[in-house]
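Structure first, commentary second.
Side chains are part of it too, since the values below use all heavy atoms of this structure and drop only hydrogens, waters and symmetry mates. In listed order, ligands and their atoms are each counted from 1.
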Amino acid sequence: MMLRSVTGVCCLRRSIIGVRYVSSLVHNKAYIDGGWVEAQSGNVFPVNNPANGEVLSHVADMCESDTQTAIDAAHNAFVTWKTTTAKERSVLLRRWYELVETHKTDLAHLMTSECGKPLAEAHGEVSYGSSFLEFYAEEARRIYGEVVPSPHPSKEILFIRQPIGVASLITPWNFPIAMITRKAGAALASGCTCVVKPAEDTPLSALAIAHLAHQAGIPPGVFNVVTSSRANTPDVGKLMCTSPKVAGVSFTGSTAVGKLLYEWCSVGVKRIGLELGGNAVFIVFNSANVTAAVDGLINAKFRNAGQTCISANRILVQSGIYEEFLSSLKAAMMDRLVVGDGAKEGVNQGPLINDNQFRRVERVVSESVSCGAELVLGGHGHELGGLFYSPTILTHVNKHMPCFNEEIFGPIVAIKKFETEDEAITEANCTNHGLASYFYSQDVSQTWRVGRQLEAGMVGINEGLISCCEGAFGGIKQSGLGREGSRHGIDDYTYIKYLCFGGIN
Ligand code: ADP
């Protein structure tokens, strides 16, 4: 791949090592009020390529007072942004979408370099990410109110939807672009302004998206990105939840951090949308098409090396189909999964994101094995070393093992055999989480029955890939509050105002 020419950001180009496809999208300062800003302290933090440990860049390490500047900018910008017409916001979002599409290849390479996601998946995520900008460009013009029959002849009752104000958006590393556009698309369409805090591992993709927002003509202060290190994040996050100038928070990440933000938001009774951890069940009933179920599991489990909140975590397989499913799955994993640097052609299993995640996966496997789980495949770091982990199958697992009662976030398939449908449903619902679940069955009655009974916000029925901008993404129980994507994604960023017109003769 050729090194691309860089327009006007030569210094940044030099600061990036190891990115083969460098472009003007690469920034290392925060984006506040339409400009690129260093931390007041001058501090920076490193961003690594998880495939080889190389330092890609050093990015501004913003603290609380830097973040206050961004919140102030968003608060000021709201005064005029909220008065723009839906059509004006729609046009800008559409332009942003088109620019993301134009720069798809650069964005994918940048994403692969900082989060390890294989290039084909990174391309997929850029498309998925841009789809939210396109969808909400369209949805902006359909944020309708209601006219309600009045109980009095002299009155008319109307509801209108209004933007809540400044939205704080805190996003994770596993979808460095899509989690931002899914939130920001809905926020901006609604007339809100926002401050984004991307994950410490993947700030470069967020800054690239900010660059394109700028080029699209999104006015200063409407979309801001504050980058911060792990050390500064708690202070930055707390301000983003408690500042009186912030009206609402949208967070995607771990349940533990989500609970903390929920607590902070309670102080000011702020709006909050939470997309938290899952513990997705994947059930294969006797009537399932085994080939389809294996394909579905590979899709639902191995995207991003298992590091997604809707990854299949607990695999339940009915006894009549168990042996056939297990051997087909093992063969498919050995045949199809290629571990390596995601930037290399043919690789579809990249590294885990960081040391913490790698150690966590190692612990989940070793503790499960010491509790009696049987290793059928893998079970160790990959021979490539570093953060690469071998695709693994564990069987004879139970709910007391970490591979079943924790969100694994790695390429581990943990399988349990079951006998009856009731047993599977009881097992599936025996968790505090309720984000996604999946099941395979060709029995029509069973698909409705089980679909109704699974306690989850999303159910894939004979389908392992359920994410799209049209879908209402979200969980129940401790997996979160609210929905993102679809027309319901607008709800977090708007409130209903009731207008009562009286004195009508
Ligand atoms: P993960 O375990 O997947 O990294 P986290 O919940 O830790 O998930 O991270 C998701 C996002 O939350 C990241 O942007 C991270 O910086 C942010 N975050 C982590 N801890 C805090 C905190 N105490 N306050 C605010 N944000 C936080």
Inset, instruction - Using ring-ring contact (aromatic ring centres under 6.0 Å, His included) as the criterion, list what pairs up with F45, not counting sequence neighbours. - result: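 Listed in chain order: nothing, the list is empty.
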Legend entry - Under the ring-ring contact (aromatic ring centres under 6.0 Å, His included) test, residues paired with Y128 that sit two or more places apart: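 Expected list: F132.
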Legend entry - Option from T242, V249, L239 for which side chain to side chain contact (heavy atoms under 4.5 Å, CB included) with W264 holds: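 When side chain to side chain contact (heavy atoms under 4.5 Å, CB included) is applied between W264 and each of T242, V249, L239, only T242 qualifies.
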Inset, instruction - Could you walk me through whether V397 and K416 pass the side chain to side chain contact (heavy atoms under 4.5 Å, CB included) test, one step at a time? - result: CA-CA 6 Å; V397 306; K416 185 178 181 204; 4.1 Å; yes
Inset, instruction - Could you label the plane-to-plane angle of the F223 and Y31 rings as parallel, tilted or perpendicular, counting under 30° as parallel and over 60° as perpendicular? - result: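 The rings of F223 and Y31 sit tilted, inter-plane angle from 30° to 60°.
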N or O contacts of ligand 1 with protein under 3.5 Å, please list pair by pair.
residue  : atom   : partner : partner atom : Å
ligand 1 : 3 (O)  : W173    : NE1          : 3.4
ligand 1 : 4 (O)  : W173    : NE1          : 3.0
ligand 1 : 6 (O)  : S254    : N            : 2.8
ligand 1 : 6 (O)  : S254    : OG           : 2.7
ligand 1 : 14 (O) : T171    : O            : 2.7
ligand 1 : 14 (O) : K197    : NZ           : 3.2
ligand 1 : 16 (O) : K197    : NZ           : 2.9
ligand 1 : 16 (O) : E200    : OE1          : 3.4
ligand 1 : 16 (O) : E200    : OE2          : 2.6

Legend entry - Of all pairs that satisfy side chain to side chain donor-acceptor pair (under 3.5 Å), the ones with a partner from residues 198-213, not counting sequence neighbours: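 Listed once each, the pairs are H27-H211, E114-S205, E200-T233, D201-R230, D201-N354.
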